[in-house]
There are 2 protein chains.
Amino acid sequence: MNEANDELAFEPHEEELLSRVAWHYYHDGLTQSEIGERLNLSRIKVSRMLDRGRKMGLIHVHINSSYGGCFALEAKLQEIYGLDEARVIPAQESGNINDRLAEAASQYLMGRLKDQEMLAVGWGATVMGTLQRLARTLSYRDISLVSLTGGVSAYIEGVASGRSSQNVHLIPAPLVVSQENIAEAIRAERHVVEVMSMARTANYALVGIGAVADEATLIASGYASRSQFEIFRRQGAVGDIIGIFYDQNGVPLDLPFHKMLVGLDFEALSAIPQVIAAAGGPKKVDAIRAAARGGRIDVLITDEPTAQAIIEKDQA
Amino acid sequence: MNEANDELAFEPHEEELLSRVAWHYYHDGLTQSEIGERLNLSRIKVSRMLDRGRKMGLIHVHINSSYGGCFALEAKLQEIYGLDEARVIPAQESGNINDRLAEAASQYLMGRLKDQEMLAVGWGATVMGTLQRLARTLSYRDISLVSLTGGVSAYIEGVASGRSSQNVHLIPAPLVVSQENIAEAIRAERHVVEVMSMARTANYALVGIGAVADEATLIASGYASRSQFEIFRRQGAVGDIIGIFYDQNGVPLDLPFHKMLVGLDFEALSAIPQVIAAAGGPKKVDAIRAAARGGRIDVLITDEPTAQAIIEKDQA
DNA sequence: GTTTTCGTCGATCATATGATCACGATGCGC
DNA sequence: GCGCATCGTGATCATATGATCGACGAAAAC
């Protein structure tokens, strides 16, 4: 697991200084040394401030082009699956796909989120990365966060910490419990009911898409076992969103596992105005394709080879 | 005058490549050499592409902070003068203030302009700089340009050239003519009437603010003489917007000069939903302050010392 | 066809940048 | 009070970057 413990808060004064440094650097084109002289800082400190600014999303580079992602693929995805929007990021051999998807997703959301809106979040590594990058934007624009499922406290709290103004509502439970009646009991808890009904009112939902593969985060984090996955696969599962497995048409399966989940169901998820999924990689092609075919998602953020693979399967 | 003749159009294929390069550089953090290897380009070419991308506004750096401009000053300006929005850019000793204001103004407009809206533009060096930086955004979003006054053809045509899809409507006349009856005749011309009534329907107006000083662009470009300015000053003029001089309360003066202008009057200007002024520098303090007091503008983009000076005068 | 002019390209080199290291300050537990 | 860990700082150095220059090739002028 990645560390989500970076201290994301800093002094207002420091923030002003950082903004000023960034302005001089990017807009005025001064060198770091020049900025240092002006503001009485060592060159190296200026460098570090810029670094932090970039990491924390204070500095944001936007590529103002229809090709920012691969336009042709985006158009095809939108057309074939009736998506509101598709974002495709260029291919790259090395580097972590999830980080790059998270970058693209956070960028998409930064452009979309308005003041005081509410964002519901699902589960998974990409979602986590996206939230980390969004942390600053969220608090600036007074965005509320709400979880779609249990089991997210660990990483959301990391993101939210240090900012008091932010409204964060988590389902205080694990993603999956061991027995159906326990899940029922948890879902009936007053606090859980409250958060879940709040999640239904969110403006956007940000979700990952899981493949039915041994590397799945669900298995890595102990919420499911390989043998369970094998059973799911036999029953036709090709992927999952917020823990719900669906077949190749994006129709949810009738699995006992689903009864043990603590979180919203597909019906409630679809009722959220815009469901945004960020996922990519060869293992996830079928999972993403099925989700798109079934209309489970409104916005898809993925990478170039994955988009290519998805489209090829549906044009054959 | 600056050259506005840079070739702003380029091949679609090249644009895709440029976007890809920019993506790798800014989002993936690859070095220019690595990008060159991947895409079979020499390192130096990658460097030049990035350079071009920045110059042409394809790459856009946003500083995601309330301090991106100096927040405290912005808040005060908004409060004192009832502005919709104020942008204050940090102080800098050296460097051309107008360029930095133009940068800030173009950035503001990029964030605000929606597809197919119409932008009316006034007169002045800052306006020109802003338009140059905006050129790409304008054509991408299919923004129409319309002039608020005569005398702008020289620089607007430079900005608009090379893009056919763009709608540009100019008042085909000088800013000022030598006699009142000539001005009347021009204003009655069918084409002039058409453009002026189109300007009234614009969503935004972008204007400069001129000081009543010998360095004024109006004088430099020969539209007015120093002796005229001296007379204006005696009559209480502190500044002008699109050639119309006003007193320290922002109330337009009754000058013969105004009768010889070809362009909209203040009443028509105020009818445009959002009038955006970009101006700064010690000479312009009074001019800006009066414009703000008189409610002539809705959005002010200025620099830190100027903002400070303006506010001090009104708090004393 | 020749010459001129312009623009593009890559090599070279000075500079800007960020990675690493070692130091000192600060905070924490014993 | 005394280590101990942690963090921020600046010094040093390897690397990334972009400015300059000459060469090449294409288009235009003659």
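Letters A, B, ... are given to chains in the order of the sequence lines, protein chains preceding strands, and every chain is numbered from 1.
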- Gap between atoms NE2 and P, on His24(A) and dA16(C) respectively (whole Å): 17 Å
- Within the pair Tyr25(A) and dA16(C), is there a side-chain N or O less than 4.0 Å away from OP1 or OP2? no
- Which atom of Thr130(A) lies closest to which atom of Leu206(A), heavy atoms considered: CG2-CD2, 3.8 Å
- Against the side chain of Arg43(B), the closest entry in dG18(D), dC9(C), dG18(C) is dG18(D)
- Query: NZ of Lys45(B) versus C1' of dA16(D): gap in Å, rounded?
  - Reply: 20 Å
- Query: Looking at Ser147(B) and Ile171(B), what are the two nearest heavy atoms and their distance?
  - Reply: OG-N, 2.8 Å
- Task: Find the distance between CG (Leu119(A)) and CG (Leu131(A)) and round it off to the nearest 0.5 Å.
- Result: 6.5 Å
- Query: Hey, is the side chain of Arg54(A) poking within less than 4.0 Å of OP1 or OP2 on dG18(C), counting only N and O atoms?
  - Reply: yes
- Between dT17(D), dA11(C), dA11(D), spot the one nearest the side chain of Ile44(B), thanks. dA11(C)
- Message: Tell me the interatomic distance from Asp51(B), atom CG, to dA16(D), atom P, rounded to whole angstroms.
- Response: 19 Å
- Query: Starting at the 5' end of DNA chain C, which residue's closest nucleotide do you reach first, Arg48(A) or Ser33(A)?
  - Reply: Ser33(A)
- Task: Could you tell me which non-hydrogen atom of Asp303(A) sits nearest to which non-hydrogen atom of Val88(A), and how far apart they are?
- Result: C-CG1, 3.8 Å
- Distance check: side-chain N/O of Ser42(B) vs OP1/OP2 of dC9(C), anything under 4.0 Å? no
- Glu34(A) atom CD is separated from dT15(C) atom C1', nearest whole Å, by 12 Å
- Item | Nearest listed nucleotide, side chain of Ser47(B), among dT12(D), dT9(D), dG18(D) | dG18(D)
- Nucleotide dA16(D), atom P - distance to CG of Leu30(B) in whole Å: 12 Å
- Query: Rounding to a whole Å, what distance do you find between Met49(B):CE and dT8(C):P?
  - Reply: 12 Å
- Query: Can you tell which of dT20(C), dT17(D), dG18(C) lies closest to the side chain of Gln32(A)?
  - Reply: dG18(C)
- Between Thr126(B) and Asn98(B), is there a donor-acceptor pair closer than 3.5 Å when you use the side chain of the first and the backbone of the second? no
